[in-house]
Trainee: 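Can you read through this structure? Questions will come right after.
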Amino acid sequence: MNDLSTTNNQNEQNLPKQYNPTTAQERWNKFWDESKLFQIKSNSTRRNSKGSFCVVIPPPNVTGALHMGHALNNTLQDIIVRMKRMQGYDTLWIPGVDHAGIATQAVVEKRLFDDEKLTRHDIGRDALVNRIWNWKNKYQTRIINQLKSMGCSCDWSRTRFTLDEICAKAVRHFFFRLFEKNLIYRGKRIVNWDTHLQTAVSDDEVVHETVDGNFWYIKYPIVEPKPDEPNFIIVATTRPETMLGDTAVAVHPDPESALNKATNNLKKRIENAPEKEKSDLQKELDEIENRKSSGQLDTLKKLAHMAKNGCKIKLPLTNRIIPLIVDNWAKPEKGTGCVKITPAHDPNDYEVGRRNNLPMINILNKDGSLNSEAGTYTGLKIKDAREKVVADLEKIGLLHSVEERVIELAHSDRSKTPIEPLLNDQWFVKMESLAQSAIDAVQEGEVIIIPERYTKGYVDWLSEKRDWPIGRQLWWGHRMPIWYCKNATEKEIKNAFNNRNDISWTLDEENNTWRICSLEEDLPKDAVKGYELVQEEDVLDTWFSSALWTHSTLGWPDLNDELDYYYPTGVLITNRDILTLWVARMVLAGKFNTGKKPFHDVYIHPKILDKYGEGMSKSKGNGVDPVSVIAKYGADAMRFGLAFLTTENQDVRLVLDFECPECGAVVEQTKKNRVMPKVQCPKCKKNFKTQWAEKDEDKILPEGLMINERFEVARNFCNKLWNAARFALLSLGDRKINFVTINNFLKSDLLEDRWILSRLATTTRDVTQMIETYRYAEAIRLLYDFAWDEFCSFYVEMVKSRLTDSERREVAESILFYVLRGLVILLHPVIPFVTEEIWQRLRDLDSSLESSVAIAGWMKSDESLIDLKIEERFKIFQELLRAIRDVRASRNIPPKDEISFAVKCNSTTAELLKPMEKYFLSMAKSRATQWGETVEAGTLSATVPLAGMDVYVDLSGVIDVSAEVLKLEKEIIKLDGFIKTKESKLSSDFISKAPQQVVEKERQSLEELKEQRQSASIAIKKLQEEIQK
RNA sequence: GGGCGAUUAGCUCAGUUGGUUAGAGCGUCUGGUUUACACCCAGAAGGUCAGCGGUUCGAGCCCGUUAUCGCCCACCA
């Protein structure tokens, strides 16, 4: 090695002691891009041997930048994609982003209002859409760059956007096909109205939040009550202003039996309830029972009777006369037992209204103010109207009482404003048959959801078969391909479109307006002679276009070779939040459009939570930018760390804090500072910027990067791998390795060689299987342990001496490089940059290697190299080595002092270990003196009894005899414990009932324990004799 | 109200179909610059696997139950 100094110096300069992720990322990203390794393969350049493997990215919303949740999602996809590519599949990963209608329009509108105090109505549809496009362009660029910096191996040339022309075409075709099959209809429904965004939102976009509210009890006067009848009906409400739209009050037709039923149910529940809840339930029951004796029930019975006789009520404030009706919806155990019915503003009341043919009075404008139906309250906002209604009722003495109460209030997920239920026209897709097809796909095993436990949620949700509301009153999205034509005859329509099969029409429910659906073309106003066509204003629900993502990205509806080859895709990797909204709809849309499932596997990965246990989201601002983690630890470390977290768990917690760029102090990330553009370090008092910095004055500050222990571990691992490679390369000097002929040396019969080759083959087999079944953490743990504990800590250490021996060098080098290359291949899907960096240096040694590790053949597990006996034998060596090292450390023997030891063992073990003598010297600075059955402890030795062998470490000169005795005594106590347990086990039913193998194992183990005990007590005797001397 | 999940070392988490003395990283402690790596090396201490009951020859794992925590779904005046 001494003669290699010149070359080594050069190499050492090229091989820094610490792996530098930043330069590697730049270099190899550029290289991958330029060599077009990840681009779709045309028919002629496909490998075809294994077929195709395609993945579509869950398109991130263009509302903002990616956070660690996305980083996890995309890391997991890239791991599979890279492995499949290396396995020889024609692999395609299609990237893209989602226009996210409501969410994106909401952020841009908010920005518009915050910055310029303008609303969308001030600037108009075109201007707003224009601004959203700018926003989209900005964030699409940022998102794609984030993905690239993570090392995602997407085909960037195929980046899609759910609102681009290719996707738009797919959307129109999907819509048209549904329309033609009569699966699309329009109807009046109570919708969740977002008064801020002024659009309907689906149930799935509504969140219930607990807020402080009131129960207002209002007296409704009865018109001309008979002497024995009450003058008032009292109703309770949390939304008193809606009384302006009341069209009835309902009471149960048979309050007595309904009340009995309710009390019986409650009694049953009390029986089964846990102790803690019983008292609350009992209170509830008492309250209801009380209704029977207090006369409340009698009143309800009377009211039911009155209702049947056509009793009328004068609605306060409006003085409208409304009926008292009987309906099962009114529950005698709830509220006052009477319920006000507001059919236009409550889903349940709507049903009651329909059943009883009640008028439906809408009192709201789209902006949340009251309309002309509200009389003197017209124009007031809901909140103001509520106050005034309550005040007015009080003034005229009709407010019975007010009760404070915590209520669950529906809020729009996007705007965080309260939802107002309101009767509106809405477009729907009939779900009956579509939902069934998606249920079948999963229940029949065509699509598999992993982990399996999520299947239930998927099936349950679809089983409700609720029709899908697809219209949104937004400006950002796919406009519905629907045109209205009033009063024309069908003949006129037919004439206008003269047998065209890209136009379809149907008459609306009132039979006077045609709805014309066009497949491709935007219909001109005058398409039907003599009539004006008006296009529907609504845009489609975002999920309507994302549902097509697996096939729209491959060019559907145009049937083409790519669609044919790459569809269905291999796996969809996503998180559980959108299993129903997105995944289920992709399955039904895929089946409907192509007749085939969109993917075979659905893998649901854990959700990343912050230190408060909250999921990362844009609205909370707790999303951590992966780029900030990459800047600190490197992309490989981030990927490794994230994938290492990916178990079958539902959630994983990832605690990230800032690192002050000025003084290096850890600045805890708090709910407060995580949304600020700059943060002051509490230690050095200097400011640093965060990912939210936008102003120039903030942007010039140094950035506080995100730190986390798990990424540090991962970074250390990358560095370890790098250094193992560095060692191998430096030891080579100016020699070369020929990877083609390397196999010649795999037959070496040295224990350590056979061992590492066996371990590599085992690891290869297991890791491949783990990744293929999405057990990421397990795969990574195997690689981590193999690379660090076996390859670095043992093989590399052991091979050192052979590398300086010109006769034994060649075999050693070959195997060293063979294993290194194998590790690099196996690790490449997880840590692509450092492995490419190493690969390219291996390639300098032998240019016959593939041009990039990304397209190197995946490791095949050579089963003939797996030798469990060898692995067992090596464990004996490791155990012995550890015992000696332990003696050294615990007896404080200076590292430089050489010691000697003898081992009492059978001849097989002796033969096995004898060739390893040199390793005890190099790895534990200890010299073996004797091996065999007749070996005895020296008088001044430490004795370590192991299974099947005793180790005697010579401690002459340093021994503390009584301490040694003490150690052995402790050991005996421990051994006695084990022996006792085992003996009792072996004298029980265990021997007759447990499998023979297990029993045999126990017996053997007991024998060994007894031998160890024997050895220990002999050793004690010897030492005691020494003391007596 | 329904569903899903979690509870294992000081901290963060592994633990495949039940089978020797329950593992890792970080942190702690002891000792180390030996021809890759201090982002390192060698070693150690630290756990009645949340409680109770059951099934079993045998339970961290299966069943029941209790407690604490989290998430999702649901139209309650």
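Scope of the values below: all heavy atoms of this structure, side chains included, with no hydrogens, waters or symmetry mates. These numbers come from a predicted model, not from an experiment. Letters A, B, ... are given to chains in the order of the sequence lines, protein chains preceding strands, and every chain is numbered from 1.
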Trainee: I want to confirm an ordering. Mapping A:Tyr19 and A:Val796 to their closest nucleotides on RNA chain B, which one lands closer to the 5' end?
Mentor: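 Closer to the 5' end of RNA chain B: A:Val796.
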Trainee: Provide the distance between the two P atoms, one in B:rU12 and one in B:rC4, to the nearest whole Å.
Mentor: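 Looking at atom P only, B:rU12 and B:rC4 are 27 Å apart.
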Trainee: Around A:Lys1001, counting heavy atoms of other residues, nucleotides and ligands shown, do more than 12 lie under 6.0 Å from its NZ?
Mentor: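 Check fails, neighbour count at 12 or below.
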Trainee: Which part of the nucleic acid does A:Asn716 contact within heavy-atom distance under 4.0 Å: base, sugar-phosphate only, or nothing?
Mentor: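 The answer is base, as A:Asn716 lies within the cut-off (heavy atoms under 4.0 Å) of a base atom.
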Trainee: When you get a sec, tell me which of B:rA44, B:rU21, B:rU20 is the closest nucleotide to the side chain of A:Ser1005?
Mentor: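 Shortest atom-to-atom distance from the side chain points to B:rU20.
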Trainee: Please list, by residue number, the residues of residues 992-1001 of chain A whose heavy atoms come closer than 4.0 Å to an atom of RNA chain B; answer none if no residue qualifies.
Mentor: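 Residues of residues 992-1001 of chain A under 4.0 Å from RNA chain B: A:Lys993, A:Ala994, A:Pro995, A:Val998.
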Trainee: When you match A:Tyr784 and A:Trp788 each to their closest nucleotide on RNA chain B, which lands nearer the 5' end?
Mentor: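 Checking each residue's closest nucleotide, the 5'-ward one belongs to A:Tyr784.
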Trainee: Report the stems of RNA chain B as range-with-range entries sorted by first number; a stem here is at least three consecutive pairs, Watson-Crick or G-U wobble, both distances under 3.5 Å, and write none if there are none.
Mentor: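 So the stems come out as B:1-7 with B:67-73, B:10-13 with B:23-26, B:28-32 with B:40-44, B:50-54 with B:62-66.
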Trainee: Would you tell me if any nitrogen or oxygen in the side chain of A:Thr342 comes within less than 4.0 Å of OP1 or OP2 on B:rA77?
Mentor: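 No.
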Trainee: Starting at atom CG of A:Leu15, determine the distance to atom P of B:rU35, rounded to an integer number of angstrom.
Mentor: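 It works out to 18 Å between those atoms.
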Trainee: Tell me: CD1 of A:Ile341 to C1' of B:rC75, nearest whole Å?
Mentor: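 Distance check: A:Ile341 CD1 to B:rC75 C1' gives 13 Å.
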Trainee: Measuring only the C1' atom in each nucleotide, how far is B:rC72 from B:rA77? A whole number of Å is fine.
Mentor: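 The same atom, C1', in both gives a distance of 26 Å.
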Trainee: A:Ile991 near the nucleic acid: base, sugar-phosphate alone, or nothing, with a heavy-atom cut-off under 4.0 Å?
Mentor: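 Here A:Ile991 touches no strand at all.
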Trainee: Using 30° and 60° as the class limits, which term best fits the ring planes of A:Phe717 and A:Phe640: parallel, tilted or perpendicular?
Mentor: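 Answer is parallel, since the angle falls under 30°.
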Trainee: How is A:Ala330 classified with respect to the nucleic acid when contacts are heavy atoms under 4.0 Å: base, sugar-phosphate, or nothing?
Mentor: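 Touches a base.
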Trainee: Taking atom C1' of B:rA36 as reference, at what distance in whole Å does atom CE of A:Met798 sit?
Mentor: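 Interatomic distance, CE of A:Met798 to C1' of B:rA36: 17 Å.
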Trainee: Under 4.0 Å, heavy atoms only, any strand: does A:Glu464 hit a base, just the sugar-phosphate, or nothing?
Mentor: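 A:Glu464: no heavy atom of the nucleic acid under 4.0 Å.
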Trainee: Give the nucleotide from the list B:rG25, B:rG43, B:rC37 with an atom nearest to the side chain of A:Ala889.
Mentor: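 Shortest atom-to-atom distance from the side chain points to B:rG43.
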Trainee: Rounded off to whole Å, could you give me the CD1-to-C1' distance for the A:Ile578 and B:rC73 pair?
Mentor: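 Rounded to the whole Å, the gap is 17 Å.
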Trainee: Any side-chain N or O of A:Lys720 under 4.0 Å from OP1/OP2 of B:rA38?
Mentor: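 Negative; the distance criterion is not met.
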Trainee: Could you work out which one of B:rA42, B:rC37, B:rU21 sits closest to the side chain of A:Arg885?
Mentor: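 Nearest to the side-chain atoms of A:Arg885, counting from C-beta on, is B:rA42.
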Trainee: Can you confirm whether more than 12 heavy atoms, excluding those of A:Glu648, are under 6.0 Å from its CD atom?
Mentor: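 12 or below, so no.
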Trainee: Counting side-chain heavy atoms from CB outward, which of B:rG3, B:rA36, B:rC75 is closest to A:Lys456?
Mentor: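 Of all the options, the side chain of A:Lys456 is nearest to B:rG3.
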Trainee: Answer with base, sugar-phosphate or nothing: what part of the nucleic acid does A:Asp886 contact at a heavy-atom distance below 4.0 Å?
Mentor: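 The answer is sugar-phosphate, as A:Asp886 gets under 4.0 Å only of primed atoms, P, OP1 or OP2.
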Trainee: Taking only the side-chain heavy atoms of A:Val713 (C-beta and beyond), determine which of B:rG25, B:rC37, B:rA77 contains the nearest atom.
Mentor: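 My answer, after comparing the listed nucleotides, is B:rG25.
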Trainee: Give one of base, sugar-phosphate or nothing for A:Thr336, where a contact means two heavy atoms less than 4.0 Å apart.
Mentor: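 If one applies the 4.0 Å heavy-atom cut-off, A:Thr336 turns out to touch nothing in the nucleic acid.
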Trainee: Pick out the pairs of N or O atoms, protein on one side and nucleotides 7-14 of chain B on the other, that lie under 3.5 Å.
Mentor:
from: B:rU12; atom 1: O2'; to: A:Arg710; atom 2: NH1; distance (Å): 3.2
from: B:rA14; atom 1: OP1; to: A:Thr647; atom 2: OG1; distance (Å): 2.8
from: B:rA14; atom 1: OP1; to: A:Asn649; atom 2: ND2; distance (Å): 2.3

Trainee: If you look at every strand shown and take non-hydrogen atoms under 4.0 Å, does A:Thr981 touch a base, only sugar-phosphate, or nothing?
Mentor: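 Counting heavy atoms under 4.0 Å across all strands, no contact is made by A:Thr981.
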Trainee: Which heavy atom of A:Arg888 sits nearest to which heavy atom of A:Pro895, and what is that distance?
Mentor: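 Closest approach of A:Arg888 to A:Pro895: NH2-O, 3.5 Å.
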